[in-house]
Amino acid sequence: QVQLAESGGGLVQAGGSLRLSCAASGRTFSSYAMGWFRQAPGKERETVASINGSGGSTYYTDPVKGRFTISRDNAKNKVYLQMNSLKPEDTAVYYCAAAWGSGNYYLPGRFEYWGQGTQVTVSS
C-alpha cells in the first residue's frame with residue numbers, strides 16, 4: 001500500500017512557475033514509477049509526465065515539453081513537477097500516482113495508487 005500526498009499548487013499568473021511535490025509513504029519507493037496527471041473541469045484525466053523508479057527515464061506529454069520537469073528523490077520518497085512558463089490551459093487539478101514495476105509507464109490505468117490532488121490555477 002502506498003499513500004501519496006501532493007502539495008505546492010496555487011494561483012499563478014501566466015508565465016509564472018510552480019513546483020509541485022508529492023510525498024509517498026512506504027519503504028519501496030524506488031520500486032515504483034511515478035506520474036503526474038491533471039484533470040480540468042469537463043475533461044478527462046490526462047498524463048502530464050512520468051518517471052521510472054531510478055529516475056533515469058522520463059516521459060512528457062507534448063503540450064508541456066520544454067516547460068515542465070519531473071524529478072524524484074528516492075532518499076526522501078518524493079517526486080516533483082517543476083512547472084515553468086505556465087499557461088491558462090495548464091489550469092487543472094494535478095494528481096501524483098504510483099505504478100509498481102521497473103518500467104516507465106504513462107497511461108493512467110497503469111497506476112495503482114493516487115493522491116488527492118492539488119489545484120493549479122493560471123490566470124491570464
Side-chain angles (χ1 to χ4, degrees):
Q1 188 78 11
V2 177
Q3 293 184 324
L4 303 170
E6 304 95 338
S7 62
L11 173 64
V12 64
Q13 288 188 332
S17 298
L18 282 175
R19 188 194 195 203
L20 305 184
S21 298
C22 175
S25 65
R27 291 177 289 181
T28 58
F29 181 65
S30 61
S31 297
Y32 290 84
M34 299 298 296
W36 285 98
F37 302 83
R38 65 187 180 187
Q39 188 166 19
K43 295 187 177 181
E44 293 186 355
R45 189 170 296 187
E46 65 172 347
T47 306
V48 176
S50 63
I51 188 167
N52 70 341
S54 68
S57 177
T58 57
Y59 165 87
Y60 297 92
T61 190
D62 284 346
V64 309
K65 285 181 179 177
R67 301 188 297 123
F68 292 10
T69 302
I70 189 171
S71 61
R72 65 189 297 159
D73 185 337
N74 287 343
K76 295 182 178 180
N77 280 19
K78 287 189 173 182
V79 63
Y80 306 98
L81 185 68
Q82 178 67 42
M83 306 186 294
N84 298 328
S85 301
L86 282 161
K87 303 176 181 180
E89 51 263 44
D90 295 317
T91 295
V93 177
Y94 283 71
Y95 300 88
C96 76
W100 175 268
S102 60
N104 189 17
Y105 315 110
Y106 60 91
L107 294 176
R110 181 62 179 82
F111 288 75
E112 301 103 321
Y113 303 102
W114 292 80
Q116 293 299 308
T118 186
Q119 176 71 46
V120 172
T121 303
V122 184
S123 64
S124 57

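At distances below 3.5 Å, not a single donor-acceptor pair connects side-chain atoms of Arg45 with backbone N or O atoms of Tyr95. With Gln116 contributing its side chain and Ala5 its backbone, the two residues share no donor-acceptor pair below 3.5 Å. Distance alone, capped at 3.5 Å, places no donor-acceptor pair between the Tyr32 side chain and the Ala97 backbone. Side chain of Ser57 to backbone of Asn104: no donor-acceptor contact under 3.5 angstrom is found. Side chain of Arg67 to main chain of Gln82: no donor-acceptor pair is present (N/O by atom type, distance under 3.5 Å, no hydrogens or angles). Between the side chain of Ser124 and the main chain of Pro88, no donor-acceptor pair closer than 3.5 Å is present. Side chain of Tyr105 to backbone of Gly103: a donor-acceptor contact under 3.5 angstrom is found.
Rounded to the nearest 0.5 angstrom, Gln119 CD and Thr91 OG1 are separated by 7.5 Å. The distance from the OG1 atom of Thr61 to the CZ atom of Arg38 is 7.0 Å, given to the nearest 0.5 Å. To the nearest 0.5 Å, atoms CZ (Arg110) and OG (Ser50) are separated by 11.5 Å. Atoms CZ and NZ, from Arg72 and Lys78 in turn, are 14.0 Å apart once rounded to the nearest 0.5 Å. Note that CH2 of Trp100 is 14.5 Å distant from CZ of Phe111, once rounded to the nearest 0.5 Å. Between atom CD of residue Gln3 and atom CG of residue Asn77 there is a gap of 12.5 Å, rounded to the nearest 0.5 Å.
When side chains are defined from C-beta on, Met83 counts as touching Val120, because their heavy atoms get closer than 4.5 Å. Looking only at side-chain heavy atoms (C-beta outward), Asn52 and Ser102 stay at 4.5 Å or farther from each other.
The two atoms that bring Gly9 and Leu20 nearest to each other are N-CD2, 3.6 Å, heavy atoms only. Contact record, Val2 with Ala24: CG1-CB, 4.3 Å, taken as the closest heavy-atom pair. Taking both residues in full, the closest heavy atoms of Asp73 and Phe29 are given as O-CE2, 4.1 Å, listed atom of the first, atom of the second, then distance. Heavy atoms only, all atoms of each residue included: Ala49 and Tyr60 are closest at CB-CD2, 3.6 Å. Between Asn74 and Ser30, the shortest heavy-atom distance links the atoms ND2-CB, 3.4 Å. Counting all heavy atoms, side chain and backbone alike, Met34 lies closest to Cys22 at CE-SG, 4.4 Å.
For Tyr80, the OH atom is densely surrounded, since the number of other residues' heavy atoms within 6.0 Å is greater than 12. In this structure, Glu112 places its CD atom where more than 12 heavy-atom neighbours from other residues, nucleotides or ligands lie under 6.0 Å away.
For the side-chain contact (heavy atoms from CB on, under 4.5 Å) criterion with Glu6, the lone passing option out of Thr118, Val93, Val79 is Thr118.
One hydrophobic cluster holds both Leu81 and Leu86 under the rule that ILVMFWY side chains link at heavy-atom gaps under 4.5 Å. Residues Ile51 and Leu18 fall within the same hydrophobic cluster, defined by Ile, Leu, Val, Met, Phe, Trp and Tyr side chains chained together at heavy-atom separations under 4.5 Å. Linking Ile, Leu, Val, Met, Phe, Trp and Tyr residues whenever their side-chain heavy atoms come within less than 4.5 Å places Leu107 and Tyr59 in a single cluster.
A salt bridge does not link Lys87 to Asp90: none of the charged nitrogens lies less than 4.0 Å from a carboxylate oxygen.
Taking the ring centroids of Phe68 and Trp36, they lie at or beyond the 6.0 Å cut-off.
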